[in-house]
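Since the model is a prediction, treat every value here as computed from it, not as a measurement.
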Amino acid sequence: DQAGQFDSALDAAVEISGAPARLSARAVLRNDGTLQHGKIDLRGLDLAALAANSANFAALKSYALKTDLTASFALSEQGNLIAAGFQLAGSGKIATAPLKTDLHVNRFAVSGRYDGARSRLIFDKFALAGPEISATGKAEADLTWEQGAVKTAGLSLDGRHVRVALAALFADPVALA
């Protein structure tokens with residue numbers, strides 16, 4: 001474009017370990033070819049399928065959740081994440097061997113942002129609804145980094161309408177306002 005930037009776009013049907021999903025991405029590159037900012041929209045991502053054939057995502061194998069993700073981001077000229085915004089929603093179940101039952105998730109939704117200047121991850125709103133557990137709230141995490149990885153995270157959580165109905169933990173359902 002006239003500002004010396006290159007706009008690019010991708011819209012594709014993808015398959016991850018046999019599970020279909022839809023990927024849309026938009027990016028703006030600087031005149032030197034480095035990524036400046038962009039947006040990703042991923043619909044129908046199956047986390048268990050993602051974990052099935054990838055050592056990098058193996059930790060997700062117990063999360064049989066089908067999710068939709070939208071994220072926007074901005075990078076510095078050095079490639080560091082300056083800011084990001086995200087929305088994540090879906091449903092499914094989570095295998096929990098210690099509880100001897102799966103957690104059924106009728107719906108979950110999370111929206112938030114990352115402030116790179118303050119190394120703060122902000123969950124503006126989260127909601128989880130299922131027969132075994134439900135909650136709403138917001139949270140913030142202050143992160144410290146070492147060699148490109150999170151070293152520590154300090155978490156502040158404001159949970160509302162928490163309900164837990166797990167016989168392995170409580171004889172009767174527990175609710176907290």
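Donor-acceptor pairing under 3.5 Å is lacking for the side chains of Ser54 and Asn56.
The environment of Phe86 atom CZ is dense: over 12 non-hydrogen atoms of other residues, nucleotides or ligands sit within 6.0 angstrom. Residue Arg160 qualifies as open at atom CZ: its count of foreign heavy atoms under 6.0 Å is 12 or below. Counting non-hydrogen atoms of neighbouring residues, nucleotides and ligands closer than 6.0 angstrom, the OH atom of Tyr63 reaches no more than 12 such neighbours. In the displayed structure, Glu77 atom CD is contacted under 6.0 Å by at most 12 heavy atoms of other residues, nucleotides or ligands.
When all heavy atoms of Gln36 and Arg30 are compared, the pair lying nearest together is CA-NH1, 3.7 Å.
Asp172 pairs by the salt bridge (charged side-chain N to carboxylate O under 4.0 Å, His left out) definition with nothing, not counting sequence neighbours.
Under the 4.5 Å side-chain criterion, counting only non-hydrogen atoms from C-beta, Asp46 is not in contact with Ile16. Put simply, the side chain of Leu157 does not reach to within 4.5 Å of the side chain of Phe123, judged on heavy atoms. Taking the side chain as every heavy atom from C-beta outward, Ser156 and Asp142 never approach each other to under 4.5 Å.
Here the CD-CG distance, from Gln87 to Asp68, works out to 11.0 Å after rounding to the nearest 0.5 Å. Note that CG of Leu50 and CG of Leu65 are 12.0 Å apart. Values are rounded to the nearest 0.5 Å.
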